[in-house]
Amino acid sequence: MLPEDFYTRKHVVQIAKDLLGKVLVTNFEGERTAGMIVETEAYAGVVDKASHAYGGRRTARTETMYSRGGVAYVYLCYGIHHLFNVVTNAEDIPHAVLIRAVEPLEGVDIMLARRGKPKLTPQLTAGPGALSRALGITTGYTGLSLNTHIFIEDRGIKIPPRDIIAGTRVGVAYAQEDAYLPYRFWVKGNPYVSRGKGL
DNA sequence: CAGCAGATTGACT
DNA sequence: GTCAATCTGCTGC
């Protein structure tokens with residue numbers, strides 16, 4: 001499992017890159033599922049117009065972003081989709097990394113059942129709402145430390161730097177100039193990377 | 001308090 | 001390609 005100081009570092013963009021190749025694991029009621037992270041986005045807190053915490057906004061929803069790094073921030077998007085983020089940095093600095101896609105490694109049958117799908121295709125976990133549903137992550141787990149039911153492992157998988165591609169974040173056109181920041185990262189050529197509409 | 005847009009997805013034309 | 005699903009939070013009456 002990743003040490004706590006992996007999450008409490010100050011540079012959320014570096015953490016977003018470092019998370020590629022790590023393994024996101026969930027274990028709910030004995031059902032274990034896991035996938036390798038292949039796509040992430042960094043959200044840089046109060047100065048980032050794309051972040052829920054821009055300008056220091058604090059609401060019931062965003063409160064967990066202000067926690068010390070190493071907990072889950074899960075929120076509901078469009079009223080339907082549960083989006084999973086990793087909170088980083090120190091307490092009161094609301095940085096987070098959105099996990100946008102994983103490649104299934106364990107518990108594929110469980111994921112298929114949760115998604116109501118007959119067979120494995122990239123759609124199973126390509127996209128932030130899709131992977132959360134496949135891994136059983138809901139807003140009920142927001143604020144949970146990443147060391148019990150949801151955790152991230154380093155299995156020694158190294159993504160070569162030349163295979164890490166940077167681009168603009170998906171669905172953040174409203175963020176004006178910050179929409180052009182290269183804060184989205186993915187593993188080159190991996191079929192599970194989402195085909196979200198960037199800029 | 002109504003209206004609207006959003007870190008999305010899947011069904012349908 | 002278009003659109004509905006439906007919760008959170010911001011804006012404006």
Side-chain angles (χ1 to χ4, degrees), chain A residues 12-13 15-17 19-20 24 35 37-67 69 71-89 93-104 111-143 146 150 152 165-187 191-199:
Chain A
V12 67
V13 172
I15 295 171
K17 281 189 274 193
L19 282 169
L20 296 176
L24 175 60
I37 297 168
V38 298
E39 181 181 358
T40 61
E41 285 180 359
Y43 285 84
V46 299
V47 300
D48 182 353
K49 291 183 178 178
S51 171
H52 292 161
Y54 175 62
R57 280 196 306 260
R58 283 182 104 120
T59 66
R61 178 177 71 154
T62 63
E63 190 59 31
T64 54
M65 289 186 85
Y66 290 82
S67 303
V71 304
Y73 168 51
V74 188
Y75 78 96
L76 203 56
C77 184
Y78 294 101
I80 302 175
H81 306 291
H82 302 255
L83 270 55
F84 172 74
N85 299 248
V86 174
V87 175
T88 71
N89 214 309
I93 300 181
H95 289 187
V97 177
L98 171 68
I99 307 303
R100 288 195 55 87
V102 305
E103 176 178 328
M111 295 193 226
L112 288 171
R114 286 176 177 148
R115 296 290 322 273
K117 290 185 172 296
K119 61 178 185 169
L120 179 60
T121 67
Q123 285 183 310
L124 182 67
T125 53
L131 79 87
S132 291
R133 196 170 160 205
L135 292 173
I137 297 170
T138 69
T139 56
Y141 298 110
T142 199
L146 299 175
I150 305 174
I152 299 177
I165 312 296
T168 57
R169 293 171 292 183
V170 174
V172 297
Y174 61 89
Q176 302 169 37
E177 72 274 14
D178 288 346
Y180 297 96
L181 293 169
Y183 281 4
R184 178 188 182 204
F185 303 97
W186 66 92
V187 177
Y192 289 89
V193 172
S194 76
R195 280 186 254 122
K197 304 171 218 62
L199 294 177

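With sequence neighbours excluded, the residues satisfying side-chain contact (heavy atoms from CB on, under 4.5 Å) with A/Ile165 are A/Trp186, A/Lys188. In this structure A/Arg58 satisfies the side-chain contact (heavy atoms from CB on, under 4.5 Å) test together with A/Glu63, A/Tyr66, A/Asp92, sequence neighbours excluded. Among residues two or more places apart in sequence or in another chain, the side-chain contact (heavy atoms from CB on, under 4.5 Å) test is passed with A/Ala101 by A/Val38, A/Glu39. Contacts of A/Ala72 classified as side-chain contact (heavy atoms from CB on, under 4.5 Å), with partners at least two apart in sequence or in another chain: A/Val74, A/Phe84, A/Leu146. For A/Arg61, there are no salt bridge (charged side-chain N to carboxylate O under 4.0 Å, His left out) partners two or more places apart in sequence or in a different chain. For A/Tyr75, the ring pair (Phe, Tyr, Trp, His ring centres under 6.0 Å) test picks out A/His52, A/Tyr73, with sequence neighbours left out.
Legend: side chain to side chain donor-acceptor pair (under 3.5 Å) pairs involving residues 125-142 of chain A, not counting sequence neighbours, sorted by first then second residue: A/Thr64-A/Thr142. Residue pairs meeting the salt bridge (charged side-chain N to carboxylate O under 4.0 Å, His left out) criterion with at least one partner in residues 172-181 of chain A, sequence neighbours excluded, are A/Lys49-A/Glu177.
Taking 4.0 Å as the cutoff to heavy atoms of chain A, we find the contact window on DNA chain C bounded by C/dA5 to C/dC10.
Atom pair A/Arg100:CZ and B/dT9:C1' shows a separation of 11 Å (rounding to whole Å applied). Distance A/Gln176 CD to B/dG6 P: 12 Å, rounded to the nearest Å. As a whole-Å value, the separation of A/Lys49 NZ from B/dG6 P is 15 Å. Between A/Glu39 atom CD and B/dT8 atom C1' the separation is 13 Å, expressed in whole Å. Rounded to an integer number of Å, the gap from A/Arg57 CZ to B/dG6 P is 13 Å. For A/Tyr54 and B/dA5, the OH to C1' distance is 18 Å, given to the nearest whole Å.
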Run the side-chain contact (heavy atoms from CB on, under 4.5 Å) check on A/Leu83 and A/Leu98 step by step: do they pass?
CA-CA 8 Å; A/Leu83 270 55; A/Leu98 171 68; 4.1 Å; yes
A/Val172 and A/Arg184: CA distance, side-chain angles, deciding distance, side-chain contact (heavy atoms from CB on, under 4.5 Å) verdict
CA-CA 11 Å; A/Val172 297; A/Arg184 178 188 182 204; over 6 Å; no
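A/Lys119 places none of its side-chain heavy atoms less than 4.5 Å from the side chain of A/Leu112. Between A/Met65 and A/Ser51, the closest side-chain pair of non-hydrogen atoms falls below 4.5 Å.
With a 3.5 Å limit on both pairing distances and Watson-Crick or G-U wobble geometry required, the stems of 3 or more pairs in DNA chain B span B:1-6 with C:7-12, B:8-12 with C:1-5.
Residues A/Ala173 and A/Ala179 come closest through the heavy atom pair CA-CB, 4.2 Å.
Near DNA chain C, meaning a heavy atom under 4.0 Å away, the residues from residues 72-82 of chain A are A/Leu76, A/Tyr78, A/Gly79, A/Ile80. For DNA chain B, the neighbouring residues in residues 122-132 of chain A, judged by any heavy atom under 4.0 Å, are A/Gly127, A/Pro128, A/Gly129, A/Ala130.
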